[in-house]
K.L.:
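I have a structure I would like to understand better, so I am pasting it below and will then ask my questions one at a time.
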Amino acid sequence: MSRHIDPDREAFRQFAKMEVDGPIHMLNLVKLLEKAVYEDGREATGAEAYAAYGRESAPIMSAVGGKIAWRGVPRFPLIGPGDETWDIGFLAAYPSKDAFIAMVKNPTYQSIVYHRQAAVLTSRLYCFSPTEAGENFAS
């Protein structure tokens, strides 16, 4: 499995240049390491390190108007590679793309993101513009 932990600089630049009006939702899929890998050698499981990231990033997320809109436990991949399974799945809602960028660039966030980096084996992060729910998959 390829490791995808942080956005690469080019992807982040492209995202920042996008014109997106209104709120965004960020779909997060996360596969944790069994044992976290901290540069300072501290001991923790991936789940413990990710929980520390969640606790410490929550006030920063809230300050930009972000919130967790939905969270679930991934169970089984019906479509997609069978070896691409996830430990955590959630949808984070932000009032705008710029609010998300402000959170990520916040110096306090930058100082605590190492917990996420220590915890994650690989992840996916997809940005969506929310729309009204319809009567079927296509509308």
Side-chain angles (χ1 to χ4, degrees):
M1 177 179 283
S2 298
R3 291 195 76 193
H4 300 280
I5 300 170
D6 296 312
D8 68 44
R9 290 186 187 274
E10 183 55 31
F12 196 81
R13 272 194 285 277
Q14 289 177 19
F15 173 71
K17 289 180 185 177
M18 289 175 53
E19 291 189 31
V20 180
D21 293 326
I24 63 166
H25 288 173
M26 302 296 275
L27 173 62
N28 291 257
L29 300 171
V30 180
K31 180 74 171 173
L32 298 171
L33 291 163
E34 188 172 317
K35 182 179 177 184
V37 180
Y38 281 104
E39 287 185 16
D40 64 5
R42 78 181 74 180
E43 299 280 328
T45 66
E48 291 166 340
Y50 202 82
Y53 166 69
R55 281 189 308 276
E56 293 183 32
S57 65
I60 305 160
M61 179 186 212
S62 180
V64 300
K67 65 179 182 177
I68 302 301
W70 174 88
R71 182 176 37 223
V73 177
R75 294 292 184 195
F76 186 81
L78 295 174
I79 298 175
D83 65 341
E84 191 174 86
T85 59
W86 307 103
D87 296 313
I88 299 169
F90 63 94
L91 193 65
Y94 298 90
S96 68
K97 175 190 67 132
D98 292 337
F100 174 79
I101 291 171
M103 180 191 74
V104 172
K105 289 186 172 185
N106 178 298
T108 304
Y109 179 87
Q110 289 291 314
S111 75
I112 60 93
V113 75
Y114 71 95
H115 289 299
R116 184 182 190 287
Q117 294 162 337
V120 173
L121 172 63
T122 195
S123 62
R124 304 293 182 269
L125 180 63
Y126 288 89
C127 177
F128 291 85
S129 292
T131 61
E132 292 296 320
E135 293 182 19
N136 62 56
F137 300 127
S139 66

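None of these values were measured; they are calculated from a predicted model.
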K.L.:
How far does CZ of Phe128 sit from CE of Met26, to the nearest 0.5 angstrom?
P.N.:
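Those atoms lie 10.0 Å apart.
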
K.L.:
Kindly work out whether a path of hydrophobic side-chain contacts (I/L/V/M/F/W/Y, heavy atoms less than 4.5 Å apart) joins Phe15 to Leu29.
P.N.:
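As far as the 4.5 Å side-chain criterion goes, Leu29 and Phe15 are not connected within one cluster.
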
K.L.:
Contact between Phe100 and Lys97 at the side-chain level, heavy atoms closer than 4.5 Å - yes or no?
P.N.:
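No, every pair of side-chain atoms sits at 4.5 Å or beyond.
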
K.L.:
Assigning hydrophobic clusters by single linkage (Ile, Leu, Val, Met, Phe, Trp, Tyr; side-chain heavy-atom cutoff under 4.5 Å), is Val20 placed with Leu91?
P.N.:
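Cluster IDs for Val20 and Leu91 differ.
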
K.L.:
Going hydrophobic residue to hydrophobic residue with side-chain gaps under 4.5 angstrom, can you get from Ile5 over to Val113?
P.N.:
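Yes.
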
K.L.:
Has Lys35 got a side-chain atom pairing as donor or acceptor with Glu43's backbone, closer than 3.5 angstrom?
P.N.:
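Checked: no pair found.
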
K.L.:
Any chain of hydrophobic side-chain contacts (each under 4.5 Å) joining Leu27 to Val104?
P.N.:
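As far as the 4.5 Å side-chain criterion goes, Val104 and Leu27 are not connected within one cluster.
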
K.L.:
For Ala102 and Val64, work out which heavy atoms get closest and say how close.
P.N.:
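The pair with the smallest heavy-atom distance is CB-CG1, 4.3 Å.
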
K.L.:
Within the structure provided, determine whether Gln117 and Tyr53 are in side-chain contact (heavy-atom separation under 4.5 Å).
P.N.:
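They are not in contact (no side-chain heavy atoms under 4.5 Å apart), so the answer is no.
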
K.L.:
Taking atom CG of Asp21 as the centre, does the number of heavy atoms from other residues, nucleotides or ligands within less than 6.0 Å exceed 12?
P.N.:
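Check fails, neighbour count at 12 or below.
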
K.L.:
Does the pair Arg3 and Leu33 meet the rule for a side-chain contact (heavy atoms from CB on, under 4.5 Å), with working shown?
P.N.:
CA-CA 11 Å; Arg3 291 195 76 193; Leu33 291 163; 4.0 Å; yes

K.L.:
Measuring from Glu56:CD to Tyr109:OH, what's the distance to the nearest 0.5 Å?
P.N.:
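It comes to 11.5 Å.
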
K.L.:
Can you name the residues that form a salt bridge (Lys or Arg N to Asp or Glu O under 4.0 Å) with Glu10, not counting sequence neighbours?
P.N.:
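In terms of salt bridge (Lys or Arg N to Asp or Glu O under 4.0 Å), with neighbours along the sequence ignored, Glu10 is linked to Arg13.
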
K.L.:
Which heavy-atom pair separates Ala44 from Tyr38 by the least distance, and what is that distance?
P.N.:
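Smallest heavy-atom distance, with atoms named: CB-CE1, 4.0 Å.
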
K.L.:
Report the distance from atom CZ of Arg71 to atom CG of Asn28, rounding to the nearest 0.5 Å.
P.N.:
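These two atoms lie 11.5 Å from each other.
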
K.L.:
Do Phe12 and Val120 share a hydrophobic cluster (ILVMFWY, side-chain heavy atoms under 4.5 Å, transitive)?
P.N.:
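Same cluster.
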
K.L.:
Side chains of Ser57 and Arg116: is there a donor and an acceptor less than 3.5 Å apart?
P.N.:
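Arg116 and Ser57 do not have a side-chain donor-acceptor pair below 3.5 Å.
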
K.L.:
Locate the shortest heavy-atom distance separating Ala49 from His115; write the atom from each residue and the value.
P.N.:
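Shortest heavy-atom separation between Ala49 and His115 comes out as O-CB, 3.4 Å.
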
K.L.:
For Leu32, run the side-chain contact (heavy atoms from CB on, under 4.5 Å) check against Thr122, Thr45, Ile88, Leu121 and tell me which one passes.
P.N.:
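So, applying the side-chain contact (heavy atoms from CB on, under 4.5 Å) to Leu32 and each of Thr122, Thr45, Ile88, Leu121, only Ile88 qualifies.
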
K.L.:
Evaluate whether atom CZ of Arg42 has more than 12 neighbouring non-hydrogen atoms of other residues, nucleotides or ligands under 6.0 angstrom away.
P.N.:
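Buried by this count: over 12 neighbours within 6.0 Å.
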
K.L.:
Distance from Asn106 atom CG to Met61 atom CE, nearest 0.5 Å?
P.N.:
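The distance works out to 13.0 Å.
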
K.L.:
Closest heavy-atom contact between Lys31 and Trp86?
P.N.:
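Reported closest heavy-atom pair: N-CE3, 3.6 Å.
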
K.L.:
Check whether Ser62 reaches the backbone of Pro59 with its side chain - one donor and one acceptor, N or O, closer than 3.5 Å.
P.N.:
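No: the side chain of Ser62 does not pair with the backbone of Pro59.
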
K.L.:
Which heavy atom of Ala93 sits nearest a heavy atom of Ala69, and at what distance?
P.N.:
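Heavy atoms only, the tightest pair is CB-CB, 4.1 Å.
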
